[in-house]
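Structure record follows, encoded as structure tokens.
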Amino acid sequence: MRLYEQCMVLFLSSCLVIQATPQAPPQAAQQSPEQLQQLVAPIALYPDALIAQILAAATFPAEVVEAEKWIAQHKDLTGEALAKEVDKQSWDPSVKALTQFPAVLANMNQNLAWTSELGDVYANQQQDVTKAIQTMRHRAKQAGNLQTTPQEKVQTKGESIQIEPAMPDVVYVPQYDPWLVYGDPLAVFPGWYPYPGLFWDGPGIGFGLGSGIGFFGGFGWGWHNWGFDWHHGGRVVYNHNTYVSHSRTIVNRNGFDRGGFRGGNFGGREGIGNSRASSGMRSSAFSGFDHGGMARSNSFRGQSSFGGFRGGGFGGGGFHGGGGGGHR
């Protein structure tokens, strides 16, 4: 056999070996308790059901952007008319639910890198996120900043602090400085920018106008369909069941098992998977971004998993400019 032919045989043989070798499943990098506490600080003192909606919706950053844009284009809609039109949209129920709280939705859109990190760690470190939220609540309580008010009820059950609205049909979103309210100051999440109406300039907690949720009660995604179970590993509850995300943007990398995506969920019920998530597909709106453990670990050092905004578009290395991404 001539030398050229021998080389070709060796080359093709090596290609077959490479193709036959199974690829190692992607591993989820773990964020430290301190990093998670910094990440959940802006929402840890929100009512339980609102936290459930935010964590679930954070796994759909593309839909958060779409919903915020839609809300901005339909400012004339309020109450029942708004609820009916929202119900027609194809968004995840969690994203629909956040239309009840436009400032919260706008804040997630404005701080999109933070939102994506929150969804990613909820998907991959669910129990750790739950512990981080409770840690921050205990810190706020010890600092004298978390207590029952006319707007909300704060109760300690076992080792968990639970927060619920004081009235059944009105929800107040607390306003606070997430980097001061917990006693010892926290480092600001890279690029995080306060949204008007949610930020309290001082160490305590304030409340603005309440949001009436009665108009949304007749829809399956409304307020009363959400909750958070603090006692079984920490999980979002939707319609009395463990919430299972079907996000194509953020997936649970802990579920990969020998060439397949096992279960495809991160809510608990084995076998109720997301076949679309198993391929690791990303929403087209975020196709240029690098999700995963490396992106998450970089975010704590000032790099966002979405690379941040630059001049109205997307760029590398966190947010650029003082406007947190130029929201509106």
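What's counted below: heavy atoms across the whole structure, side chains too, no hydrogens, waters or symmetry copies.
More than 12 heavy atoms of other shown residues, nucleotides or ligands fall within 6.0 angstrom of atom CD in Gln73. Residue Asp201 qualifies as open at atom CG: its count of foreign heavy atoms under 6.0 Å is 12 or below. Around CZ of Phe215, the count of heavy atoms belonging to other residues, nucleotides or ligands within 6.0 Å does not exceed 12. More than 12 heavy atoms of other residues, nucleotides or ligands sit less than 6.0 Å from atom NE2 of His231. The local environment of CD in Glu85 is crowded, with over 12 non-hydrogen atoms from other residues, nucleotides or ligands closer than 6.0 Å.
Applying side chain to side chain contact (heavy atoms under 4.5 Å, CB included) to Leu55 and the options Leu118, Leu50, Val121, Thr130 leaves one that passes, Leu118.
For Tyr195 (side chain) and Ala106 (main-chain N/O), no donor-acceptor pair under 3.5 Å exists by modelled atom type. A donor-acceptor pair under 3.5 Å is absent between the side-chain atoms of Asn239 and the main chain of Asn241, judged by distance alone. Distance alone, capped at 3.5 Å, places no donor-acceptor pair between the Gln89 side chain and the Lys96 backbone.
Taking the six-membered ring where tryptophan is involved, the planes of Trp91 and Trp70 are perpendicular, since the angle between them exceeds 60° and thus also 30°.
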Please walk me through it: do Leu82 and Ile71 pass side chain to side chain contact (heavy atoms under 4.5 Å, CB included)? CA-CA 9 Å; Leu82 173 63; Ile71 289 291; 4.1 Å; yes

What do the steps show when you test Glu164 against Gln155 for side chain to side chain contact (heavy atoms under 4.5 Å, CB included), and what is the final call? CA-CA 8 Å; Glu164 299 176 352; Gln155 305 177 73; 4.0 Å; yes

Could you walk me through whether Thr249 and Thr59 satisfy the side chain to side chain contact (heavy atoms under 4.5 Å, CB included) test, starting with their C-alpha distance in whole Å, then the side-chain angles of each, then the deciding distance to 0.1 Å, before giving a yes or no? CA-CA 7 Å; Thr249 308; Thr59 66; over 6 Å; no

Evaluate side chain to side chain contact (heavy atoms under 4.5 Å, CB included) for Tyr172 paired with Thr149, printing each intermediate quantity in order. CA-CA 11 Å; Tyr172 289 86; Thr149 67; over 6 Å; no

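The line from CG of Leu45 to CD1 of Ile51 is 7.5 Å long, rounded to the nearest 0.5 Å. Taking OG of Ser94 as the reference point, atom CH2 of Trp226 lies at 4.5 Å (rounded to 0.5 Å). Here Met167 contributes atom CE and Ile213 contributes atom CD1; the two are 10.5 Å apart, rounded to the nearest 0.5 Å. Interatomic distance, Phe101 CZ to Leu198 CG, rounded to the nearest 0.5 Å: 11.5 Å. With rounding to the nearest 0.5 Å, the separation of CH2 in Trp200 from CZ in Phe207 is 9.5 Å. To the nearest 0.5 Å, atom CG of residue Leu105 and atom CD of residue Gln53 are 11.0 Å apart.
Between Lys69 and Glu66, none of the side-chain N atoms (NZ, or NE/NH1/NH2) sits under 4.0 Å from a carboxylate O, so this pair counts as no salt bridge.
Among pairs with a residue in residues 212-224, those fulfilling side chain to side chain donor-acceptor pair (under 3.5 Å) read Asp87-Trp221, at least two apart in sequence or across chains.
In this structure, Asp92 and Tyr243 have side chains that are in contact, with non-hydrogen atoms separated by less than 4.5 Å.
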